[in-house]
Amino acid sequence: MRTLEIKKNDANQRLDKFLQKRFKTLPKSLMYKYIRKKCIKVNGKKCDIQTMLKEGDVLTFYIKDEFFEASEQKSYEFMKAPKTFDIVYEDENLILIDKKPGIIVHPDKNYHFDSLVARVQHYLYDKGEYNPDEEKAFAPALVNRIDRNTGGIVIAAKNADSLRILNAKMKTRELEKYYLCLLYGKPKKDSDTLHGYMTKNESKNKVTVFKNEVEGSKEIKTKYEILDFNGKFSLAEVELLTGRTHQIRAHMASIGHPLVGDTKYGKGKKAPDSIKYQALYSYKLKFNFETDAGILNYLNGKEFKVNDVWFAKNGKINSDI
């Protein structure tokens, strides 16, 4: 004999629906037979397939152990991903992750078992902070995304309240993101706010920047400050005042200073052999809440950053570049 207690997330469903989810190897015909012959009971009493389960109900089973054993062998897709990543900050509500270039944040259309979101779910599952069997409507999720070949801080929400709040704050730009990038040459101005308009070619996944508004374009604003120059490359800190696809890469290229290693917007520029990715990193995050942030109010005013990125350290260009 074995027993199971119905938890909140498994309540308010028919007994047969619950059993089909819980015991995937149990044939329907045998399930019906078990119920009919009182081998499965609810609160010690006879039941039928239409019995609605309530939180706190106790199910009693007189069935073969093999069905329990099969149901307890977990085979979640995220378990195929490594559970390793660099943590900038973590608490009970979120994780700030230093994503390295080359890692995708979500599985792509061709599906790849290793993604940052899968790594987060594997990590939290092993910590006992995420149980897919109990969480039917929520899974730990990423608030922002960064391109595969770009590195930087990615926010992972551990619970539904945090995800809802952070998504809202991202839309209202109450989460300030700063980037480091390596540019060919040196802009005329050491600091400036660039203004322009952008269109996107969806089929080519490429954008075009215009000085003036054109049909179908969206306004872009990019603020930069030059931190270092080694005679060939400039290290710039960039703040996105608007958030568009490939905005930094395309906007800096439009003024004649594309990012080092950017093969899409920096064509004709030869990068050093040591450069394997576009030199762009989302290195700093500020929580600047202007309205109530609920359970995350304690983060207001806090700043987190990665001091050592692959092409720069402490505001200086790496000497080997």
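Bear in mind the structure is a predicted one, so any value in this text is a computation, not a measurement.
- Under a 3.5 Å cut-off, the side chain of Asn300 and the backbone N or O of Phe289 do form a donor-acceptor pair.
- Judged by distance alone, the side chain of Asp126 and the main-chain N or O of Tyr123 form no donor-acceptor pair under 3.5 Å.
- A donor-acceptor pair under 3.5 Å links the side-chain atoms of Asp262 to the main chain of Lys264, judged by distance alone.
- Salt bridge status for Asp114 with Arg119: present, with a side-chain N to carboxylate O gap under 4.0 Å.
- By the 30° and 60° cut-offs, the orientation of the rings of Tyr89 relative to Phe304 is tilted.
- Residue Lys41 places its NZ atom among more than 12 non-hydrogen atoms of other residues, nucleotides or ligands, all under 6.0 Å distant.
- By the 4.0 Å N-to-carboxylate-O rule, Asp91 lies too far from Lys158 to be salt-bridged with it.
- Here the options are Leu142, Leu296, Asp161, Asn93, the test is side chain to side chain contact (heavy atoms under 4.5 Å, CB included), and the partner is Leu166; only Leu296 passes.
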Donor-acceptor list for residues 220-240 side chains, cut-off 3.5 Å, not counting sequence neighbours:
| from | atom 1 | to | atom 2 | distance (Å) |
| --- | --- | --- | --- | --- |
| Thr222 | OG1 | Gln247 | NE2 | 2.9 |
| Thr222 | OG1 | His251 | ND1 | 2.7 |
| Tyr224 | OH | Lys189 | O | 2.8 |
| Asp228 | OD2 | Ile317 | N | 2.9 |
| Asn230 | OD1 | Lys232 | N | 2.9 |
| Asn230 | OD1 | Phe233 | N | 2.7 |
| Ser234 | OG | Gly185 | O | 2.5 |
| Glu237 | OE2 | Tyr283 | OH | 2.3 |
| Glu237 | OE2 | Lys284 | NZ | 3.3 |

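- Applying the side-chain hydrogen bond (donor to acceptor under 3.5 Å, both in side chains) criterion to Arg173, with sequence neighbours excluded, gives no partner residue.
- Not counting sequence neighbours, Asp308 has no partner by the side-chain hydrogen bond (donor to acceptor under 3.5 Å, both in side chains) test.
- In this structure, Phe78 and Tyr76 have parallel ring planes: the angle between them is below the 30° cut-off, well short of the 60° mark.
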